[in-house]
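First the structure, in the form of structure tokens, and then the observations on it.
If you're wondering where the values come from, they're calculated on a predicted model, not measured in any experiment.
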Amino acid sequence: MIEARHLRVLRAVASTGSFSAAGRELGCTQPAVSQQMKALESSVGTPLLVRTGREMRLTQAGEALVRHAAGIIAGLTAAEEEVAAIAGLRAGRVRLVSFPSGSSTTLVPTALAALRAAHPGTRVFLEEAEPPNSVELLREGDCDVALAFRYEGAAGVEEWDDLVVRPLLTDRLVALVPDGHRLARTEGSVAIGELARESWIAGCPRCRGQLVEVCEGAGFSPRIDFATDDYPAVVGLVGAGLGVAVLPQLAVESVRPRGVRTVALEPAVRREIVALTLPDLAQVPAVAATLDELARAGARQSAAR
């Protein structure tokens, strides 16, 4: 195997014409230069220099290696500089996948704005996907950080034991009722059973499943008349008086609810929102900085509620 340090020595010998002159240029002794040249010749399996008295002459193989050495050394130097830039957060790339209500509220935008201000050379590429798809993208190497959530006490809770889990905030489910609904002006919380006879508008499949589970736990099955993955559409349907809904508070904050009222539910249903990454990726400076900013943004959002 050819080592870069040996190539640098070969170039110095070729340009100066002697081991001693090459040693002075490189800041090492003549015996050290001789030893490294022998090691290089041993690696390639052929002589690279012909020694005639005090002069050194390159063999054909030596000339070929010197010709390629310039590009190799330049490439290594560029690689070293790029890695140093990434390690120092002067450059870098982070592929972030977030579920829609995470990227449309202050959580992700606030974190990315702070990251850009602190490390303008770091680029973040954002895509949207709901868990568990976002988590699979992470495990398959298609992203570096995935925002995910899981409901407290839900059946079949997803396991993240193989991942680095960074808690961001706890999100509570709230009921949405039309502005003229009998429960719209309720002070305090409402038992979900009081909505048992209502028409329901369901959100994303994960939230839809959680709605059914919560309702069945209260002794009834919700009559779902409309289902949509689009949170503004859910709010619009409720505002038009077509039914009631239960959505995460973060999802409600991502839209301007018109003609609807939010009502706290009992028993409280919460979901844990986290940022996930792989253990090795957690050591990458740009990924670590992204996780830090997401955690700060989550803490600020929790404090503002």
Side-chain angles (χ1 to χ4, degrees), residues 88-89 92-132 134-135 137-138 143-154 157-174 189 203-204 206-207 210 231 246-257 262-305:
L89 286 173
R93 178 199 69 180
V94 178
R95 298 167 299 168
L96 172 64
V97 173
S98 170
F99 51 89
S101 59
S103 55
S104 60
T105 58
T106 57
L107 179 60
V108 169
T110 298
L112 298 190
L115 183 68
R116 174 173 288 184
H119 310 291
T122 299
R123 299 182 64 192
V124 178
F125 298 88
L126 175 64
E127 294 183 14
E128 288 189 343
E130 294 279 357
S134 58
V135 182
L137 289 172
L138 175 64
C143 70
D144 304 309
V145 177
L147 259 65
F149 59 84
R150 57 186 175 188
Y151 287 94
E152 295 177 351
V157 173
E158 188 177 358
E159 294 296 333
W160 298 329
D161 293 344
D162 59 322
L163 304 174
V164 174
V165 181
R166 192 71 174 270
L168 302 183
L169 73 155
T170 299
D171 197 24
R172 181 170 176 165
L173 293 188
V174 295
S189 57
C204 72
R206 190 89 176 270
C207 298
Q210 181 65 20
Y231 290 131
V246 169
L247 288 180
Q249 188 174 348
L250 196 64
V252 178
E253 291 171 357
S254 69
V255 298
R256 292 183 177 180
T262 60
V263 181
L265 286 175
E266 288 295 340
V269 181
R270 299 179 179 86
R271 64 176 184 170
E272 178 190 15
I273 297 177
V274 301
L276 305 172
T277 192
L278 298 170
D280 289 342
L281 285 173
Q283 308 304 315
V284 175
V287 172
T290 302
L291 293 174
D292 288 343
E293 294 300 347
L294 285 168
R296 292 189 188 99
R300 284 194 290 270
Q301 187 147 352
S302 295
R305 288 181 171 179

Are any of the side-chain heavy atoms of Arg271 and Leu250 separated by less than 4.5 Å? yes

Side chain to side chain contact (heavy atoms under 4.5 Å, CB included) between Val135 and Leu276, intermediate numbers included: CA-CA 8 Å; Val135 182; Leu276 305 172; 3.8 Å; yes

Quick check: are there more than 12 heavy atoms from other residues, nucleotides or ligands sitting under 6.0 Å from CZ of Arg172? yes

More than 12 non-hydrogen atoms from neighbouring residues, nucleotides or ligands closer than 6.0 Å to CD on Glu127, yes or no? no

So do Thr106 and Arg300 actually touch side chain to side chain, heavy atoms under 4.5 Å? no

Side chains of Pro100 and Glu130: closer than 4.5 Å at any heavy-atom pair? yes

Where do Val252 and Val174 come nearest, in terms of heavy atoms and distance? CG2-CG2, 3.9 Å

Please report the interatomic distance CZ(Arg296) to CG(Leu107), rounded to the nearest 0.5 Å. 13.5 Å

Smallest heavy-atom separation, Ala117 atom then Pro120 atom, equals O-CD, 4.1 Å

Taking side chain as C-beta onward, heavy atoms only, is Val124 less than 4.5 Å from Leu115? yes

What heavy-atom pair brings Gly102 and Pro109 nearest, and what distance separates the two atoms? O-CD, 4.2 Å

Decide yes or no for Phe149 and Asp171: does some side-chain heavy atom of the first lie under 4.5 Å from some side-chain heavy atom of the second? no

Minimum-distance pair of heavy atoms, taken over all atoms of Val108 and Ser98: CG2-OG, 3.8 Å

So Leu173 and Gln210, do their side chains get closer than 4.5 Å, heavy atoms only? yes

Working to the nearest 0.5 Å, report the span between CG of Leu247 and CD of Glu253. 11.5 Å

Let me confirm one number: the CG-CG distance from Leu294 to Leu112, rounded to the nearest 0.5 Å. 7.0 Å

Should Arg166 and Asp292 be marked as a side chain to side chain contact (heavy atoms under 4.5 Å, CB included) after you check the CA-CA gap, both sets of side-chain angles, and the distance that decides it? CA-CA 9 Å; Arg166 192 71 174 270; Asp292 288 343; 2.8 Å; yes

Return yes when atom CG of Asp280 has more than 12 non-hydrogen atoms of other residues, nucleotides or ligands closer than 6.0 Å, and no otherwise. no

Nearest 0.5 angstrom please: Arg270 CZ to Tyr151 OH, how far? 13.5 Å

Any idea which heavy atoms bring Cys143 and Arg95 closest together, and the distance? CB-O, 3.5 Å

I need the Leu169 CG to Ser302 OG distance, nearest 0.5 Å. 4.5 Å

Tell me, do Val164 and Leu278 make a side-chain contact under 4.5 Å, heavy atoms counted? no

Under a 4.5 Å cut-off applied to non-hydrogen side-chain atoms, are Thr290 and Thr277 in contact? no

OG1 on Thr122 to CZ on Arg116, rounded to 0.5 Å: 10.5 Å

Please report the shortest heavy-atom distance between Glu159 and Asp162, naming the atom on each side. O-OD1, 4.4 Å

